[in-house]
Amino acid sequence: MTKRHLKRLSAPRSWKIERKAHTWVVRPKPGGHSLKDSLPMLHILRGMLGYADNRREAKRILNEGKVLVDGKVVKDIKRGVGLMDVIEIPVTKQRFVVVVDRSGVLTLKEIKTTEAKSKLLSIANKSIVKGGRVQLNFHDGRNMLVDSETAGKYGVHDTVTLSFKDQSIKHHVKYEAGALVFVTRGSHRGEIATIKEINKIRSPMPNVVTLEKDGNTFRTIEDYVFVVGKDKPLLSVMK
């Protein structure tokens, strides 16, 4: 049975919360993002955006359909919101994307109206399903079937832009040398860099990526990078 609450002292370090002011914090429901990679909607409305002073006010805001996540109305205060999810509040004309800052904390960055119509998705893996079709599995838990003829162009760690209007792929950026990436973990988390080299390791150890930023190079594992563009970032806040 899933626990309903979480002690603040035990909450993931990726959450920016006051840990000693209160004992408990709401636990996000299981979803596409892991616990440490997602924030409960209640905390976003009350603790981060300041739209609600308490749980009751947050519930009323959601029940009135005033908050959208990835283009869909959300009414659950325990809905987990994670990396690259898009939050929209039409009443205030504010739109945000969830990113990781340099302290490793999940935070919100305000984005443009046009940028809130789609979402960046990283391909976590590919699988073959019944009928021989190929399924793309994304970092936020969603899946998409693609024709076997076009499946070959998509690779693990590639990034696509998904349109909320028709749920179709609008852009595709390869995970390769020259691509711009957002570092999500490690000592360089929260930074934008360019892939200089991808080092394939023939062992159980993860592949290592050499990145370059401002003339300096550093290395990290490939699971810590999220492709965000080629010549320039697909999101203006990724600078």
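Small disclaimer: the values here were computed from a predicted structure and weren't measured.
- Considering only heavy atoms from C-beta on, F226 comes within 4.5 Å of T159 through its side chain.
- In the hydrophobic cluster analysis, where Ile, Leu, Val, Met, Phe, Trp and Tyr join through side-chain heavy atoms closer than 4.5 angstrom, F218 is grouped together with I192.
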> Checking side chain to side chain contact (heavy atoms under 4.5 Å, CB included) for the pair F96/I89: CA distance, chi angles, key distance, verdict?
Replying inline: CA-CA 9 Å; F96 305 91; I89 301 95; 3.9 Å; yes
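- Taking both residues in full, the closest heavy atoms of A58 and A52 are given as N-CB, 3.5 Å, listed atom of the first, atom of the second, then distance.
- For the residue pair H33/D140, the side-chain donor-acceptor check at 3.5 Å is not satisfied.
- Annotation: the span from R95 atom CZ to T114 atom OG1 amounts to 9.5 Å, rounded to 0.5 Å.
- Defined by atom type and a distance below 3.5 Å, a donor-acceptor pair is missing between the side-chain atoms of H139 and D37.
- A salt bridge does not link K78 to D76: none of the charged nitrogens lies less than 4.0 Å from a carboxylate oxygen.
- Side-chain contact check for V225 versus L211: some heavy-atom pair is nearer than 4.5 Å.
- Heavy atoms only, all atoms of each residue included: L35 and R27 are closest at CD2-NH1, 3.9 Å.
- If you take CD1 on I111 and CE on M238, they are separated by 9.5 Å, rounding to the nearest 0.5 Å.
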>> Walk me through whether E110 and Q94 qualify under side chain to side chain contact (heavy atoms under 4.5 Å, CB included).
In response: CA-CA 7 Å; E110 195 157 1; Q94 287 184 299; 3.6 Å; yes
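- Think of I169 as one node in a network of Ile, Leu, Val, Met, Phe, Trp and Tyr side chains linked at under 4.5 Å; its network also takes in L121, I123, I128, V134, L136, F138, M144, V146, Y154, V160, L162.
- Using a 4.0 Å cut-off between charged nitrogen and carboxylate oxygen, K66 and E88 do not count as a salt-bridge pair.
- Expressed to the nearest 0.5 Å, how far OG1 of T161 lies from NZ of K117 amounts to 14.5 Å.
- Within the 4.5 Å cutoff, side-chain heavy atoms of L42 are placed close to those of R55.
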Report all side-chain donor-acceptor pairs from residues 97-104 shorter than 3.5 Å, counting only partners two or more places apart or in another chain.
unit_1	atom_1	unit_2	atom_2	d
D101	OD1	S103	N	2.8
D101	OD1	G104	N	3.1
D101	OD1	V105	N	2.9

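- The backbone N or O of I44 lies less than 3.5 Å from no partner atom in the side chain of R46, so there is not a single donor-acceptor pair.
- When side chains are defined from C-beta on, L106 counts as touching S14, because their heavy atoms get closer than 4.5 Å.
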> Can you check salt bridge (Lys or Arg N to Asp or Glu O under 4.0 Å) on K230 and E176, steps first, answer last?
Replying inline: CA-CA 9 Å; K230 186 65 176 178; E176 61 185 4; 3.2 Å; yes
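- Side chains of S168 and K170: a donor-acceptor N/O pair is present below 3.5 angstrom, by distance only.
- In this structure, H43 contributes its side chain and K16 its backbone to a donor-acceptor pair below 3.5 Å.
- Using a 4.5 Å heavy-atom threshold, the side chains of L120 and V228 count as touching.
- Put simply, I77 and L68 are part of two different groups of oily side chains (I, L, V, M, F, W, Y) that touch within less than 4.5 Å, one to the next.
- Using a 4.5 Å cut-off on side-chain heavy atoms (C-beta onward), L45 and L62 make contact.
- One distance of note links CG of L49 with CD1 of I87; it measures 6.5 Å at 0.5 Å rounding.
- At distances below 3.5 Å, not a single donor-acceptor pair connects side-chain atoms of N137 with backbone N or O atoms of A124.
- We find the CD1-CG distance between I201 and N207 to be 6.0 Å, quoted to the nearest 0.5 Å.
- Checked by atom type and distance alone, the side chain of N63 pairs as donor or acceptor with a backbone atom of K59 at under 3.5 Å.
- Using a 4.0 Å cut-off between charged nitrogen and carboxylate oxygen, D223 and R185 do not count as a salt-bridge pair.
- Under a cut-off of 6.0 angstrom, the local environment of NZ in K174 is crowded, with over 12 non-hydrogen atoms contributed by other residues, nucleotides or ligands.
- Side-chain atoms of Y51 and E57 include no donor-acceptor pair closer than 3.5 Å.
- Listed here is the closest heavy atom pair of I198 and E222: CG2-OE1, 4.3 Å.
- Here the side chains of R142 and Q167 are in contact, with some heavy-atom distance below 4.5 Å.
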> Can you list the steps and then say if V86 with V69 is a side chain to side chain contact (heavy atoms under 4.5 Å, CB included)?
Replying inline: CA-CA 6 Å; V86 175; V69 175; over 6 Å; no
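- Side chain of D158 to backbone of Y175: a donor-acceptor contact under 3.5 angstrom is found.
- The 12-atom threshold is not exceeded at CD of E149, counting heavy atoms of other residues, nucleotides or ligands nearer than 6.0 Å.
- For the salt bridge (Lys or Arg N to Asp or Glu O under 4.0 Å) with D85, the qualifying choice from K119, K109, K72 is K119, the only one to do so.
- A side-chain donor-acceptor contact under 3.5 Å links D166 and S163.
- Salt bridge status for E191 with K213: present, with a side-chain N to carboxylate O gap under 4.0 Å.
- Looking only at distances, a side-chain donor or acceptor of T184 sits under 3.5 Å from a matching main-chain atom of Y224.
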>> The test is side chain to side chain contact (heavy atoms under 4.5 Å, CB included); show your working for H188 and T220 and say whether it passes.
In response: CA-CA 8 Å; H188 291 273; T220 188; over 6 Å; no
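- Of all heavy-atom pairs spanning I221 and P206, the tightest one is CG2-CG, 3.8 Å.
- The structure places NZ of K112 at 4.5 Å from OG of S236, a figure rounded to the nearest 0.5 Å.
- With a 4.5 Å cut-off on side-chain heavy atoms, L39 and P28 do not count as touching.
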